[in-house]
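All values derive from a computational prediction rather than experimental measurement. Both counts, for ligands and for their atoms, begin at 1 and track the order of listing.
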Amino acid sequence: MIRDPYGRPIKSARISITNKCNMNCIYCHREGLDKEEIEMTPEEIERIVRVLARFGISKIKITGGEPLVREDIVEIVRRIRSIEGIEEISMVTNGYYLEEYAKPLKNAGLDRINVSLDTLDPNKYKMLTGCNNLEKVLRGIEEAYHAGLSPIKINVVVLKDINDDEIFKIIRKFSRRGFVIQLIELIDSNKEFFEKHHLDLNIIEEYLERISQRIIVRKMHARKRFYINGAEIETVKFIHNKNFCANCNRIRITPDGKFKPCLMRNDNLVDFLSYIRKGCDDKKLEELFLEAVKRREPFNK
Ligand code: SAM
């Protein structure tokens, strides 16, 4: 297994496969980064994941933009599944197209999904995402459950004075059948929105600690998982969280084919797609990956 200069093993890759999205979330930090329309083909994605697998990376998370807007998404999953050493494939989606895609994705080899859903109120949903799709997303989540994608994680960005009053309603709705609720700290949105709506998750954690029957701390980003009457709730804190970085075992890939060593930085990316398109061999790709690993350093020290 490969380790970065800080001794952190790299076990997983988060691959953003498109900048495009069919929603327009008010706070979105656009993981896809810039607006360039360059996207890796399924063959290119497969090739780079094969290189990563040789270094012991066994978990792949597919994200965007919105990954399900790519018409070749099933082929992408199938190709990643075919790679020896890849043990788990997951996806982060807004859920809009899950109704159509859950079964084909499961059949292609997807193991599990995270669905982003910050509210159960249709008006707030429209205000947050720009779309009138709440019912369709809820049907998509049901379809994913019946397709056997498991566990299903519901990603909730906690927003002061928008959805903080709904957290327990969301937990109650999904805390059955092995769903996990991830409460995510707001980062990186525009300054005015952040100042108005950022909520310190410590406040929520203190409350959860009081009412939980059991708490475990996961190695990945030192996330706390709370067990309350059958519900599983995780908190994801980024800001001032040394543990987030200390246990980070993830390399990221941008849609236009660059390694991104740190979630919080865009100034140390390592391009590989232009080398693939110039016809480079795998040895060059391995060197580029090693360069990205070398550039990894904890953001919160
Ligand atoms: N389109 C997909 C979706 O909606 O899940 C995948 C991409 S989205 C950028 C991935 C995750 O990042 C979502 O769960 C979203 O809620 C979260 N996210 C986006 N902007 C964020 C922000 N400013 N702070 C915290 N989380 C954010």
Begin with the C-alpha distance, continue with both residues' side-chain angles, and end with the deciding distance and a verdict on side-chain contact (heavy atoms from CB on, under 4.5 Å) for Ile215 and Arg225. CA-CA 6 Å; Ile215 302 167; Arg225 185 176 283 185; over 6 Å; no

Within-cut-off N or O pair, [X] and ligand 1, under 3.5 Å:
X      : result
Gly65  : yes
Pro67  : no
Asn155 : yes
Tyr27  : yes

Does some side-chain heavy atom of Leu128 sit less than 4.5 Å from a side-chain heavy atom of Val157?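 Sidechains of Leu128 and Val157: no contact.
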
Within the structure provided, determine whether Asn107 and Leu105 are in side-chain contact (heavy-atom separation under 4.5 Å).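 A side-chain contact under 4.5 Å is absent here.
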
Which atoms of ligand 1 have any heavy atom of [X] under 4.0 Å away?
X      : answer
Ile184 : 25 (C), 26 (N)
Cys28  : 20 (N)
Gly64  : 7 (C)
Thr63  : 6 (C), 7 (C)

Is the distance between the ring centroids of Phe168 and Tyr207 under 6.0 Å?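 Centroid distance Phe168-Tyr207: below 6.0 Å, so yes.
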
Contacts of Phe289 that satisfy ring-ring contact (aromatic ring centres under 6.0 Å, His included) - sequence neighbours left out: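 For Phe289 the ring-ring contact (aromatic ring centres under 6.0 Å, His included) partners, ignoring immediate neighbours, are Phe55, Phe259.
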
Between Asn155 and Gln182, do the side chains contain an N or O donor and an N or O acceptor separated by less than 3.5 Å?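 Their side chains do contain a donor-acceptor pair, which is all the 3.5 Å distance test asks for.
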
Sub-3.5 Å donor-acceptor pair from the side chain of Asp72 to the main-chain atoms of Glu75, do we have one?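 Checking the backbone N and O of Glu75 against the side chain of Asp72, no donor-acceptor pair under 3.5 Å is found.
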
Looking at ligand 1, would Glu185 count as a contact under a 4.0 Å heavy-atom criterion?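 A heavy atom of Glu185 does come that close to ligand 1.
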
Which option wins on minimum heavy-atom distance to atom 11 (C) of ligand 1: Val236, Val92, Val156, Val157?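 Selected option, by shortest heavy-atom distance: Val92.
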
Indicate, as side chain, backbone, both or neither, the part of Thr93 found under 4.0 angstrom from ligand 1 when only non-hydrogen atoms are considered.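 It is the backbone that touches ligand 1; the side chain stays farther off.
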
Sequence neighbours left out, what passes salt bridge (Lys or Arg N to Asp or Glu O under 4.0 Å) with Asp161? Give chain and number order.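 Per chain and number, Asp161 pairs via salt bridge (Lys or Arg N to Asp or Glu O under 4.0 Å) with no residue.
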
